[in-house]
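This chain uses plain numbering: 1 for the first residue, then up along the sequence.
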Amino acid sequence: MAQKQSNTNLSTLLFSFMNQPDPMLSMLEWLCEQMMEAEVSLKLSADKSERSEGRSGYRSGYRPRRLDTRLGTIYLMVPKVRQGGYIPFFVNAYKRSEAALVQVVQEAYINGVSTRKIERLAKQLGIEGISRSQVSEMTKGLNEQIDAFRNRALDSHRYPILWTDALYEDVRIDGHVVSEAIIVVCGVDEHGKRDVLAIEPMSEESLESYKSVFSRLKDRGFQTPKLIISDANKGLVSAVKHCFPGASWQRCKVHFMRNILAHIPQKQKKSFASELKAIWLAPNDKVARERANALIEKYESRYPQAMKCLEDGLEDSLVFYSYSDLDSRKISSSNMIERLNREIRRRTSVIGIFPNESSYVRLVTAYLMEYAEDWTTSRAYIKEESMSALSLNDAA
């Protein structure tokens with residue numbers, strides 16, 4: 001009789017799953033919930049609402065927890081335990097970024113820089129109910145992973161194209177809050193796949209700082225690229241010429257346009273910008289120069305500073321025309337890495353002020369590692385045949 005009842009319950013349960021939009025995902029969610037309830041009961045030596053002399057603690061409601069799986073994303077209600085906290089074994093391995101975020105919050109408390117913002121973040125992460133030993137276990141090996149990623153060898157691939165840009169956040173150093181940069185270098189390999197190659201903190205964007213970044217890349221086996229795309233920071237441009245002789249430098253056309261528009265009155269910016277953009281939409285560099293010269297002639301007396309800026313930097317902004325096999329939209333600006341950095345800033349902004357440099361570098365690296373992993377399984381950013389043509393043209 002009991003066996004028959006059990007089979008009936010199982011059939012009913014399976015039928016309810018089959019009526020869900022994604023039966024497998026629904027089954028996984030149900031299984032996770034059952035496992036959590038069983039795990040908490042075992043931890044407390046008592047089932048939910050059970051009176052037991054041998055119980056070792058008490059439940060304290062639930063907290064929502066997102067879990068990303070290969071089947072999709074599910075949202076679980078994780079049981080809370082009053083003393084010692086509780087993390088299910090199947091979500092114990094937080095994403096590196098979440099583990100890094102937990103460490104930032106912990107370090108903020110330890111360094112006495114706890115604010116309402118940090119306290120709210122701690123509550124959202126469920127850290128209030130997690131012991132220090134659990135945090136330590138959760139983040140075990142994270143620093144080793146971060147260091148291994150930042151220092152890994154780069155000699156197994158060629159990276160013909162590089163983009164570089166800087167992130168800035170407020171960091172507490174020696175008791176003072178300063179704006180500190182992290183330089184991010186991304187590249188595309190011979191197969192057209194993107195990768196994050198360098199994540200380096202800098203007190204300032206100077207020639208020596210950039211030379212140090214590029215020297216470290218070379219020490220890790222990185223070979224001189226064909227093309228480097230960035231803004232026109234003087235230290236960066238000088239370091240490119242010093243460290244990568246023979247490489248071409250493309251001045252980001254978007255940054256360049258902003259530099260020019262800075263000298264145009266606000267009321268005229270919109271109409272002038274439409275004329276300015278036409279330069280880099282030209283079918284070839286010859287037409288682009290003709291359009292630029294016509295614009296300079298038209299506005300030289302009206303906007304002399306803007307026209308001087310355009311004239312001085314024009315050639316560096318037209319380098320992408322020399323790489324006709326590559327998608328001009330992707331190599332004429334640093335938009336790719338700027339979008340990446342904006343997404344990182346959106347996530348790091350929840351911190352406000354980082355308690356130290358190491359927490360800043362750790363969190364940024366953890367996020368970028370996740371992007372790099374996604375890129376390995378996504379389609380090529382630049383077609384592989386285009387990258388092959390770049391190598392063949394170079395060999396010729």
Rounded to the nearest 0.5 Å, what's the gap from CG on Asp312 to CG on Leu310? Could you check? 9.0 Å
When you look at NE2 of His191, are more than 12 heavy atoms from neighbouring residues, nucleotides or ligands closer to it than 6.0 Å? yes
Look up atom CZ in Arg59 and atom NZ in Lys80, then write down how far apart they are to the nearest 0.5 Å. 13.5 Å
Evaluate whether atom CD of Gln305 has more than 12 neighbouring non-hydrogen atoms of other residues, nucleotides or ligands under 6.0 angstrom away. no
About how many Å separate OG of Ser238 and CG of Asn233, when rounded to the nearest 0.5 Å? 8.5 Å
Apply the test salt bridge (Lys or Arg N to Asp or Glu O under 4.0 Å) to residues Glu205 and Lys234: give CA-CA distance (whole Å), side-chain angles for both, the deciding distance (0.1 Å), then the verdict. CA-CA 9 Å; Glu205 291 187 74; Lys234 291 182 179 178; over 6 Å; no
So which heavy atom on Glu190 is nearest to which on Pro160, and how close? N-CD, 4.2 Å
Is the Phe214 to Phe222 ring centre distance short of 6.0 Å? no
Under 3.5 Å: donor-acceptor pair, side chain of Asn284, backbone of Lys286: yes
Please confirm whether the backbone N or O of Ser230 pairs with a side-chain atom of Thr164, one donor and one acceptor, at under 3.5 Å? no
Are the side chains of Lys218 and Phe244 in touch, meaning some heavy atoms are under 4.5 Å apart? yes
How long is the straight-line distance from CG of Leu340 back to CZ of Arg345, given to the nearest 0.5 Å? 9.5 Å
Start with the C-alpha distance between Glu343 and Arg339, add both sets of side-chain angles, then the distance that settles salt bridge (Lys or Arg N to Asp or Glu O under 4.0 Å), and finish with yes or no. CA-CA 6 Å; Glu343 182 63 19; Arg339 284 193 294 269; over 6 Å; no
Check the angle between the aromatic planes of Tyr381 and Trp163 and answer parallel, tilted or perpendicular using the 30° and 60° thresholds. perpendicular
In this structure, would Met257 and Leu314 fall into the same cluster of hydrophobic residues linked by side-chain contacts under 4.5 Å? yes
Do Asn335 and Arg329 pass the side-chain hydrogen bond (donor to acceptor under 3.5 Å, both in side chains) test, and can you show the C-alpha distance, the side-chain angles, and the key distance before you say yes or no? CA-CA 9 Å; Asn335 281 355; Arg329 296 168 301 174; over 6 Å; no
So Trp375 and Tyr371, would you call those rings parallel, tilted or perpendicular, with 30° and 60° as cut-offs? tilted
Find out if a path of hydrophobic residues (ILVMFWY) with successive side-chain heavy-atom gaps under 4.5 Å connects Ile161 to Leu318. yes
Which atom names give the shortest non-hydrogen contact between Leu207 and Ala239, and what distance separates them? CD1-N, 3.5 Å
Glu297 CD: over 12 foreign heavy atoms closer than 6.0 Å: no
Under a 3.5 Å distance rule, please check whether Gln250 uses its side chain to pair with a backbone N or O of Val319 as donor and acceptor. yes
Please check if atom NZ in Lys330 has more than 12 non-hydrogen atoms from other residues, nucleotides or ligands closer than 6.0 Å. yes
Ile183 and Ala166 have their tightest heavy-atom pair at CD1-CB, 3.5 Å
Nearest non-hydrogen partners of Ala247 and Thr224, listed with the distance: CB-CG2, 4.2 Å
Salt bridge check: are Lys48 and Glu37 linked by an N-O gap of less than 4.0 Å? no
Does Phe149 have Arg152 sitting over its ring (NZ/CZ under 6.0 Å from centre, angle to axis within 45°)? yes
Among Ser332, Ser328, Ser317, exactly one meets side-chain hydrogen bond (donor to acceptor under 3.5 Å, both in side chains) together with Trp280. Which residue is that? Ser317
Ignoring hydrogens, what is the shortest heavy-atom contact between Leu368 and Val196? Give both atom names and the distance. O-CG2, 4.0 Å
N/O donor-acceptor pair under 3.5 Å between Ser212 side chain and Glu208 backbone: no
Is the Tyr360 ring parallel, tilted or perpendicular to the Phe354 ring (thresholds 30°, 60°)? tilted
Could you pull out all residues at least two apart from Asp147 that satisfy side-chain hydrogen bond (donor to acceptor under 3.5 Å, both in side chains)? none
Approximate separation, where rounding is to 0.5 Å, of Ile331 CD1 and Cys252 SG: 12.5 Å
Centre of Tyr323's six-membered ring, under 6.0 Å away, within 45 degrees of the axis: is that where NZ or CZ of Lys226 sits? no
Are any non-hydrogen side-chain atoms of Leu44 and Tyr58 less than 4.5 angstrom apart? no
Backbone N/O of Asp47 and side chain of Glu50: donor-acceptor pair under 3.5 Å: yes
Residues Glu300 and Lys308 bridged, charged N to O under 4.0 Å: no
Sequence neighbours excluded, every pair satisfying salt bridge (Lys or Arg N to Asp or Glu O under 4.0 Å) that has a member inside residues 243-271: Arg258-Glu338
Ala282 backbone acceptor or donor facing Tyr321 side chain under 3.5 Å: yes
All side-chain hydrogen bond (donor to acceptor under 3.5 Å, both in side chains) counterparts of Ser206, not counting sequence neighbours: Ser209
Output yes when a side-chain donor or acceptor of Arg63 lies under 3.5 Å from a complementary backbone atom of Met77, and no otherwise. no
Working to the nearest 0.5 angstrom, can you tell me the gap between Ile296 CD1 and Arg289 CZ? 12.0 Å
Closest approach of Val188 and Arg194, non-hydrogen atoms and distance? CG2-CG, 3.9 Å
Does Arg220 use its side chain to pair, donor to acceptor, with the backbone of Leu197 at less than 3.5 Å? yes
